[in-house]
Novice: 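One structure coming up, written as structure tokens, with questions to follow.
We're numbering straight along the sequence, starting at 1.
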Amino acid sequence: MLFTKSDPLLDDLLLIAQNVHDSAVFFNQYKVRSLESVESFANTMKEYESKGDQLIHEIIVRINKAFITAIEREDVMELAIKLDDVLDGLEGCAARLYMFDITLGDEVMIQFAEIIEQSTKQIVLALELLQKQKLSAMKEYIIGINELESQGDELLRSSVRGLFKNSSDAIHIMQYKEIYELLEEVTDSCEDVADVLETVIMGNT
């Protein structure tokens with residue numbers, strides 16, 4: 001559906017995306033140094049996740065009450081779900097760090113966290129354009145998200161190879177491999193958001 005005025009649903013989607021980005025910034029910048037700090041880190045990520053759940057609930061209520069929407073209801077709901085997947089993935093990674101008593105992120109985790117922060121920033125910028133009805137301009141950020149996901153794929157391949165090559169500790173390999181894979185899945189979830197945005201562009205131009 002082509003639209004000519006602002007839609008509260010798009011405002012809600014932007015709020016969800018901004019919360020996801022805020023969580024990614026925190027995830028990337030928080031410095032874990034002890035068991036106490038990794039527990040605090042995991043708890044704060046859970047707070048972001050809980051806020052995200054509340055925002056999802058609010059947008060569902062608005063969707064059910066809306067008579068006319070700027071974009072298809074299915075696309076709004078799909079975007080909300082995919083954004084929530086990003087946040088759920090980050091919270092899950094934080095929980096693993098706590099469960100595994102990992103108190104210092106390695107270089108691979110640092111690189112993944114940077115990729116994810118950049119990806120969520122691209123998502124926010126794209127949704128700001130959606131809110132302003134500048135659909136074609138969104139393509140730049142969709143491409144950027146896809147490129148970042150490709151970086152995540154390559155990072156996972158090289159990092160898992162490095163684990164098996166450089167470590168003989170089976171538990172260490174298992175734990176770190178799981179975290180790397182979860183982080184790569186977060187980059188996949190960011191790309192899923194980009195794919196839905198691409199669908200929105202195609203359906204409204």
Novice: Mind running side-chain hydrogen bond (donor to acceptor under 3.5 Å, both in side chains) on N146 and Y141 for me, showing each step along the way?
Specialist: CA-CA 9 Å; N146 290 335; Y141 300 114; over 6 Å; no

Novice: With sequence neighbours excluded, tell me which residues meet salt bridge (Lys or Arg N to Asp or Glu O under 4.0 Å) with K177.
Specialist: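 For K177, the residues satisfying salt bridge (Lys or Arg N to Asp or Glu O under 4.0 Å) (neighbours in sequence not counted) are E181.
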
Novice: Given the rule that I, L, V, M, F, W and Y join up when any side-chain heavy atoms are under 4.5 Å apart, are L14 and I60 in one cluster?
Specialist: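 Linked, L14 and I60 end up in one cluster.
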
Novice: Kindly compute the distance separating CD (E117) from CG (D22), expressed to the nearest 0.5 Å.
Specialist: 10.0 Å

Novice: At their closest point, which heavy atom of A126 faces which heavy atom of M138, and how far apart are they?
Specialist: O-CG, 3.5 Å

Novice: For residues 81-93, run the donor-acceptor check on the side chains, cut-off 3.5 Å, and write out each pair with its distance to 0.1 Å, sequence neighbours left out.
Specialist:
none

Novice: For F27 and Y48, what are the C-alpha separation, side-chain angles and deciding distance, and is it a ring-ring contact (aromatic ring centres under 6.0 Å, His included)?
Specialist: CA-CA 10 Å; F27 189 96; Y48 278 113; over 10 Å; no

Novice: Please examine the side chains of V193 and L127, heavy atoms only from C-beta on, and report whether any two atoms are closer than 4.5 Å.
Specialist: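 Heavy-atom side-chain distance check fails, nothing below 4.5 Å.
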
Novice: Below 30° counts as parallel, above 60° as perpendicular, anything between as tilted: where do the rings of Y30 and F26 land?
Specialist: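 Tilted, since the angle between the ring planes falls between 30° and 60°.
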
Novice: Do V196 and I143 belong together in a cluster built from hydrophobic side chains that touch within less than 4.5 Å?
Specialist: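 No, because V196 and I143 fall into different hydrophobic clusters, even though each may have its own neighbours under 4.5 Å.
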
Novice: I'd like to know if I16 and V25 are part of one continuous hydrophobic network [Ile/Leu/Val/Met/Phe/Trp/Tyr, side-chain heavy atoms within less than 4.5 Å].
Specialist: no

Novice: Looking at CG of D192 and CD of E185, how far apart are the two atoms once the value is rounded to the nearest 0.5 Å?
Specialist: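 Result: 10.5 Å between the selected atoms.
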
Novice: Quick check: are there more than 12 heavy atoms from other residues, nucleotides or ligands sitting under 6.0 Å from OH of Y176?
Specialist: yes

Novice: What do the steps show when you test Q54 against K51 for side-chain contact (heavy atoms from CB on, under 4.5 Å), and what is the final call?
Specialist: CA-CA 5 Å; Q54 180 59 37; K51 180 180 178 181; 5.6 Å; no

Novice: Please round to the nearest 0.5 Å and tell me the distance separating atom NZ of K121 and atom CD of Q18.
Specialist: 8.5 Å

Novice: Would you call I142 and D195 a side-chain contact if the rule is heavy atoms closer than 4.5 Å?
Specialist: no

Novice: Given side-chain contact (heavy atoms from CB on, under 4.5 Å), test V76 with I63 step by step and report yes or no.
Specialist: CA-CA 8 Å; V76 174; I63 288 172; 3.7 Å; yes

Novice: Please walk me through it: do L156 and T187 pass side-chain contact (heavy atoms from CB on, under 4.5 Å)?
Specialist: CA-CA 11 Å; L156 179 63; T187 68; over 6 Å; no

Novice: Check whether L79 and L125 end up in the same hydrophobic cluster, where Ile, Leu, Val, Met, Phe, Trp and Tyr are linked by side-chain heavy atoms less than 4.5 Å apart.
Specialist: yes

Novice: For a quick test of reading the model, state the closest non-hydrogen atom pair linking I145 to A194 and the distance between them.
Specialist: CG2-CB, 3.9 Å

Novice: Measure the CG-CD distance between L163 and Q175 for me, rounded to the nearest 0.5 Å.
Specialist: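 The distance works out to 11.0 Å.
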
Novice: Indicate, with yes or no, if I179 and F164 share a hydrophobic cluster defined by side-chain heavy-atom contacts under 4.5 Å among Ile, Leu, Val, Met, Phe, Trp and Tyr.
Specialist: yes

Novice: What residues form a side-chain hydrogen bond (donor to acceptor under 3.5 Å, both in side chains) with K139, not counting sequence neighbours?
Specialist: none

Novice: Quick one: closest heavy-atom pair of M77 and I56, and the distance?
Specialist: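 For M77 and I56, the tightest heavy-atom pair comes out as CE-CG2, 4.5 Å.
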
Novice: Tell me every residue that passes salt bridge (Lys or Arg N to Asp or Glu O under 4.0 Å) with E178, counting only those two or more places apart in sequence or in another chain.
Specialist: R96

Novice: Using the test side-chain hydrogen bond (donor to acceptor under 3.5 Å, both in side chains), find all partners of T120 that sit at least two apart in sequence or belong to another chain.
Specialist: H21

Novice: Please give me the minimum heavy-atom distance between A94 and M45, naming the atom from each residue.
Specialist: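 Where A94 meets M45 most closely, the heavy atoms are CB-CG, 3.7 Å.
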
Novice: Roughly how far, to the nearest 0.5 Å, is CD of E149 from OG of S189?
Specialist: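 Here the interatomic distance stands at 10.0 Å.
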
Novice: Give the table of side-chain donor-acceptor pairs shorter than 3.5 Å for residues 107-115, with sequence neighbours excluded, one pair per line with atom names and distance.
Specialist:
unit_1, atom_1, unit_2, atom_2, d
E114, OE1, N28, ND2, 2.9
E114, OE2, Q118, NE2, 3.1

Novice: Please answer whether the main-chain N or O of L15 pairs with a side-chain N or O of N19 as donor and acceptor at a distance below 3.5 Å.
Specialist: no

Novice: Can you tell me how far apart CD (E184) and CZ (R157) are? Round to the nearest 0.5 Å.
Specialist: 8.5 Å

Novice: Could you walk me through whether C190 and L148 pass the side-chain contact (heavy atoms from CB on, under 4.5 Å) check?
Specialist: CA-CA 9 Å; C190 290; L148 288 163; over 6 Å; no

Novice: Can you give me the closest heavy-atom contact between I173 and S167, atom names plus distance?
Specialist: CD1-O, 3.4 Å

Novice: Per the side chain to side chain donor-acceptor pair (under 3.5 Å) rule, which among D12, D11, D7 passes with R62?
Specialist: D12

Novice: If you compare all heavy atoms of L130 against all heavy atoms of L10, which two are closest, and at what distance to 0.1 Å?
Specialist: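 Heavy atoms of L130 and L10 come nearest at O-CD1, 3.7 Å.
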
